[in-house]
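See below for the structure under consideration.
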Amino acid sequence: MEELTKLLKSQEEALLTAEVRTSLDRLSELLDDDFFEFGSSGTVIHKEDVFAENQKTVPHWKLSHFQVRMLAVDTALATYFIINKNSGRRTLRSSIWQNKQGKWKMVFHQGTVTKWDPEQLNSLLT
């Protein structure tokens, strides 16, 4: 489980970078073709929208409180807290990852705006 947690955290962190978010090839390695997201802005986003949206600008984020829970043998739920360093906006994030042909790909993601500080989350998320 520790190995999977490290892998999924590194893939989540990669998805936060301009290098990945502006590369259709890199996004395709990490996002399933049927990927969709309920964005923290209240919008529904699909794989092709992630690429188009991020041609404008990519914020700088700080991720913490990363956890993985297995939902099935080939399906994992990743949850974490993130701060947009540009705007200060704080969100709780969740992603569903599936192992498809030996590769873990994100199939769903949701961001929910929160007022909590990372310190307040320690007692809530453990």
So which heavy atom on [X] is nearest to which on [Y], and how close?
{"X": "Lys9", "Y": "Leu63", "result": "CE-CD2, 3.8 Å"}
{"X": "Ile45", "Y": "Gly39", "result": "CD1-CA, 4.3 Å"}
{"X": "Met70", "Y": "Thr75", "result": "CE-O, 3.5 Å"}
{"X": "Leu15", "Y": "Met106", "result": "CD1-CE, 3.5 Å"}
{"X": "Ala14", "Y": "Val20", "result": "O-CB, 3.2 Å"}
{"X": "Asn84", "Y": "Trp61", "result": "CA-CD1, 3.6 Å"}

Exam field: side chain [X] to backbone [Y], donor-acceptor pair closer than 3.5 Å:
{"X": "Gln11", "Y": "Trp104", "value": "yes"}
{"X": "Asn99", "Y": "Lys103", "value": "yes"}
{"X": "Lys100", "Y": "Asp74", "value": "no"}
{"X": "Asn86", "Y": "His60", "value": "yes"}
{"X": "His46", "Y": "Asp34", "value": "no"}

Where does the angle between the aromatic ring planes of Phe38 and Phe108 fall among parallel (under 30°), tilted (30 to 60°) and perpendicular (over 60°)? perpendicular
Please assess Thr43 against Asp49 for the test side chain to side chain contact (heavy atoms under 4.5 Å, CB included), listing each intermediate value before the final yes or no. CA-CA 11 Å; Thr43 58; Asp49 302 326; over 6 Å; no
Could you tell me whether Arg26 and Glu29 make a salt bridge, using a distance below 4.0 angstrom between a side-chain N and a carboxylate O? yes
Within this structure, what is the CG-NZ distance for the pair Leu31 and Lys47, rounded to the nearest 0.5 Å?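 Rounded to the nearest 0.5 Å, the CG-NZ separation comes to 6.5 Å.
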Carefully, step by step, assess Thr114 and Thr112 under the rule side chain to side chain contact (heavy atoms under 4.5 Å, CB included). CA-CA 6 Å; Thr114 185; Thr112 304; 6.0 Å; no
Per side-chain hydrogen bond (donor to acceptor under 3.5 Å, both in side chains), Tyr80 is matched among His65, Glu12, Arg93 by Glu12
Stepwise side chain to side chain contact (heavy atoms under 4.5 Å, CB included) test for Leu92 and Phe81: CA-CA 5 Å; Leu92 295 170; Phe81 175 79; 4.0 Å; yes
